[in-house]
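All chains are named by letter (A, B, ...) in the order of the sequence lines, taking the proteins before the strands, and each is independently numbered beginning at 1.
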Amino acid sequence: MRMESSTPTHFIRRIIEDDLARGRYPEGIHTRFPPEPNGFLHIGHAKAICLNFGMAAEYRGKCNLRFDDTNPEKEDMKYVDAIREDVRWLGFDWEDRLFFASDYFARLFEFAIELIEQGKAYVDSMSAEQIRQYRGTLTEPGADSPYRNRPVAENLELFHGMKDGEFGDGEHVLRAKIDMQAANLNMRDPVIYRIRRTSHYRTGDAWCIYPMYDFTQCLSDALEHVTHSLCSLEFEDHRPLYDWFIDNLDTPARPYQYEFARLNLEYTVLSKRKLIELVEDGHVDGWDDPRMPTISGLRRRGFTPESIRDFCERIGLTKSDTYIDAGVLEHVIRDELGASAPRRMAVLRPLKVVIDNYPDDEEELLDAANHPQDPAMGTRKVPFSKVIYIERDDFMEDAPKKFFRLAPGREVRLRYAYFITCNEVIKDEQTGEVLELRCSYDPATRGGNAPDGRKVKGTIHWVSAKHGRAAEIRLYDRLFSVANPDRGEQDWKAYINPASLETLDHCLTEPDLAPAQPGERFQFERLGYFCADRDGRQAGKPVFNRIVTLRDSWAKISNR
RNA sequence: AGGGGCGUAGCCAAGUGGUAAGGCACAGGGUUUUGAUCCCUGCAUUCCCAGGUUCGAAUCCUGGCGCCCCUGCCA
């Protein structure tokens, strides 16, 4: 149950409340989510999305979606489309505030001119290699570029020349003139414009110079009147630079940057580079492979927007490096689906059961509740007949006392149906494999209760052989076999779990499941939560993804 | 001549000088036609360490230790 005890507070919320209390933002706060459209969003981005849109919603402010697209070499429209879809799917709305840094290229250029005119930026004509050498190191100061004191007029002429395509890539860059001795490397005359003769996915060949992140981010924030610019910890060192541009330029607003720790999740990786590698090397089936920590992967797996928002709320927000226990993600989806998913029966690994004393041609429809705690979800009819299939795991020939399921001579309840007792085990003479069970049923127990008050400890699920429908079911396990693949002795890829996908091709479901639409979620009783996959359309039979298993205390007991 | 951050339970995380919230996980018990759900109960004499200030310290001071980030014309 979500017995939330007051919304958890965190330092960002405190900063905002303090600002509001001081009356600093009579128009309300303004945040933004600024992804670069060079890949797909993952659960780590969800944390930032929930924070930015969440704070805006909570304090009746606004949140923009802004594509930070200043590097033409990596960006593409297909990513902006995917990102828009993912943010919207998560439940957030940027209304009419969809922005692109590339729309600011002209204004950013003017800001650069303004800096040059003030003598606070210069065109440097050293090579990338030289610039690196002049930058110094972590412990040694940098040295001024010989071009550092170029006259303003010359800088202006050169910068216009850069813009007009008079130079090749790398011939010149524009640098902010700050302090080559600064202890903070970011302040050692950072490059703010570079020449790149590459078509931009939005501006085409209109520009051949592109602004750098540090210059773009703060000014874009200012242009959009962002009040609280929230980003991850690795940009803490960039804050002085962020402030420097804002302080030295005539901007329409004064945004402030605050940093929080990014998400790390056990048993997966959350870096764009690694995710790309998983896709390109074929370790997974694409960006939306249900094993991927991408938003699209989680969506296809069967996670709901609500569960992901709940996750982001539960993990907290601080500045300390964290590794979130994989159990938290499992918990949020179980929690939601436990309350909302209709129950159905499906058998993953069928074992034939013949009920000898049941009439050969008879069949009947039994009432089954769609949800044990929620009568409002109604009931359905489940067909029953002489031959059924049960889960192979629900039968043991030599069962320990603690095993409550079916075994020779033991009686169990077939959910919503009858008590049955196992009388005979038919095995393959060669292999010893159990082929089928011969059982008898007690007609008096129809519906699952014995008039004589007799109790059975086990209740198992089943599907009528005659009425069951074939289905393919995909079981997913963790993508990596260790909690922190980044932190091991070996390369992270050495820890990829080779058994992260198990496809079961001969599953049987109750007939009600045959028309399941892609995206529909169910609890298969006693097994877990499952989501119909789009592949079912082509396959001609339904395909279900296992979202997560049910908690299984028997597994814990039997593993001991 | 390095700079910037962070250390509270297995994992997260409240706490801001008044005697360690909460969640996940885990363990035990109860209810149960899902070994599910739900409901109880337990789970830090102590907050990275050592000194100090104080009637009183996770909170303040001093000194250590550990971990993360920073030397792209990426973001």
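Within the structure, side-chain hydrogen bond (donor to acceptor under 3.5 Å, both in side chains) pairs that include any residue of residues 162-173 of chain A comprise Ser125(A)-His172(A) (at least two apart or interchain).
Taking the P atoms as reference points, U45(B) lies 29 Å from C38(B), given to the whole Å. To the nearest whole angstrom, the two C1' atoms, one in C6(B) and one in A13(B), are 14 Å apart. Going from the C1' atom of U46(B) to that of G15(B) covers 14 Å, rounded to whole Å. For G22(B) and C43(B), the C1' atoms lie 14 Å apart once the distance is rounded to whole Å. As rounded to the nearest Å, G63(B) and G72(B) have P atoms that lie 33 Å from one another. Rounded to whole Å, the separation between the C1' atoms of U54(B) and A58(B) comes to 16 Å. When the C1' atom is used for both U8(B) and C67(B), the distance is 16 Å, rounded to whole Å.
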Would you sort out whether Asp68(A) and Phe100(A) count as a side-chain contact (heavy atoms from CB on, under 4.5 Å), showing the intermediate values?
-> CA-CA 6 Å; Asp68(A) 194 26; Phe100(A) 293 83; over 6 Å; no
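Remark: Lys455(A) is not in phosphate contact with U32(B), judged by side-chain N or O atoms under 4.0 Å from OP1 or OP2. Taking side-chain N and O atoms only, Arg551(A) has a distance below 4.0 Å to OP1 or OP2 of U37(B). OP1 or OP2 of A36(B) sits under 4.0 Å from a side-chain N or O of Ser553(A). At A13(B), one or more side-chain N or O atoms of Thr318(A) fall inside 4.0 Å of OP1 or OP2 (strictly under the cut-off). One finds no side-chain N or O of His461(A) lying less than 4.0 angstrom from the OP1 or OP2 phosphate oxygen of U34(B). The shortest distance between the side-chain N/O atoms of Arg262(A) and the OP1/OP2 oxygens of C6(B) is not below 4.0 Å.
For the pair Arg314(A) and Asp310(A), the salt-bridge criterion is met [side-chain N within less than 4.0 Å of a carboxylate O]. One finds a salt bridge joining Arg13(A) and Glu58(A) here, because a Lys/Arg side-chain nitrogen approaches an Asp/Glu carboxylate oxygen to under 4.0 Å. We find that Arg32(A) and Glu224(A) are not joined by a salt bridge, their nearest charged nitrogen and carboxylate oxygen being 4.0 Å or further apart. The residues Arg202(A) and Glu75(A) are annotated as not salt-bridged, no charged nitrogen and carboxylate oxygen being separated by less than 4.0 angstrom.
Place Gln181(A) and Gly327(A) on RNA chain B by their nearest nucleotides, and Gln181(A) ends up nearer the 5' end. Along RNA chain B, the nucleotide nearest Gln373(A) and the nucleotide nearest Gly142(A) are compared for position; the residue whose nucleotide lies closer to the 5' end is Gly142(A).
Of all nucleotides present, none satisfies the Watson-Crick or G-U wobble test against A1(B) with each distance under 3.5 Å.
To the nearest angstrom, C1' of U37(B) lies 15 Å from CZ of Arg526(A). Phe260(A) has its CZ atom 17 Å from the P atom of G5(B), to the nearest Å. The interatomic distance linking Arg314(A) (CZ) with A14(B) (P) rounds to 15 Å, in whole Å. Between Ile178(A) atom CD1 and G3(B) atom P there is a gap of 19 Å when expressed in whole angstrom units. Note: NE2 (His331(A)) to P (U37(B)) measures 10 Å, nearest angstrom. Between Tyr323(A) atom OH and C24(B) atom P there is a gap of 23 Å when expressed in whole angstrom units. When rounded to the nearest whole Å, the span between CH2 of Trp554(A) and P of U34(B) equals 17 Å. In this structure, Asp321(A) places its CG atom 13 Å from P of C67(B), rounding to the nearest Å.
For Arg343(A) against U34(B), a side-chain N or O and a base N or O form a donor-acceptor pair under 3.5 Å.
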Annotated protein contacts, base or backbone, on nucleotides 70-75 of chain B with a non-hydrogen cut-off under 4.0 Å, one of B, S, - each = BBSBBB
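When the options Tyr122(A), Tyr210(A), Tyr213(A), Phe159(A) are evaluated for a ring-ring contact (aromatic ring centres under 6.0 Å, His included) with Tyr193(A), the one that passes is Phe159(A). Only one option out of Glu525(A), Arg343(A), Glu391(A) pairs with His461(A) in a side-chain hydrogen bond (donor to acceptor under 3.5 Å, both in side chains); it is Glu391(A).
Residue Gln523(A) is in base contact, counting any heavy-atom pair closer than 4.0 Å across all strands shown. At the heavy-atom level, Glu236(A) lies under 4.0 Å from the strands shown only through sugar-phosphate atoms. Arg405(A) comes within 4.0 angstrom of a nucleotide base, judged by non-hydrogen atoms across all strands.
With hydrogens and angles left out, the side-chain atoms of Glu129(A) and Tyr134(A) include no donor and acceptor closer than 3.5 Å.
Listed nucleotides G10(B), C12(B), G2(B) differ in distance to Asp325(A); the shortest reach to its side chain belongs to G10(B). Taking every side-chain heavy atom of Thr9(A) into account, G15(B) is the closest of G15(B), A13(B), G35(B). Nearest to the side-chain atoms of Asp335(A) among the listed nucleotides C12(B), G10(B), C38(B) stands C38(B).
With its glycosidic angle within 90° of 0, G72(B) adopts the syn conformation.
Taking the six-membered ring wherever Trp is involved, the centroid distance between the rings of Phe215(A) and Phe245(A) falls below 6.0 Å.
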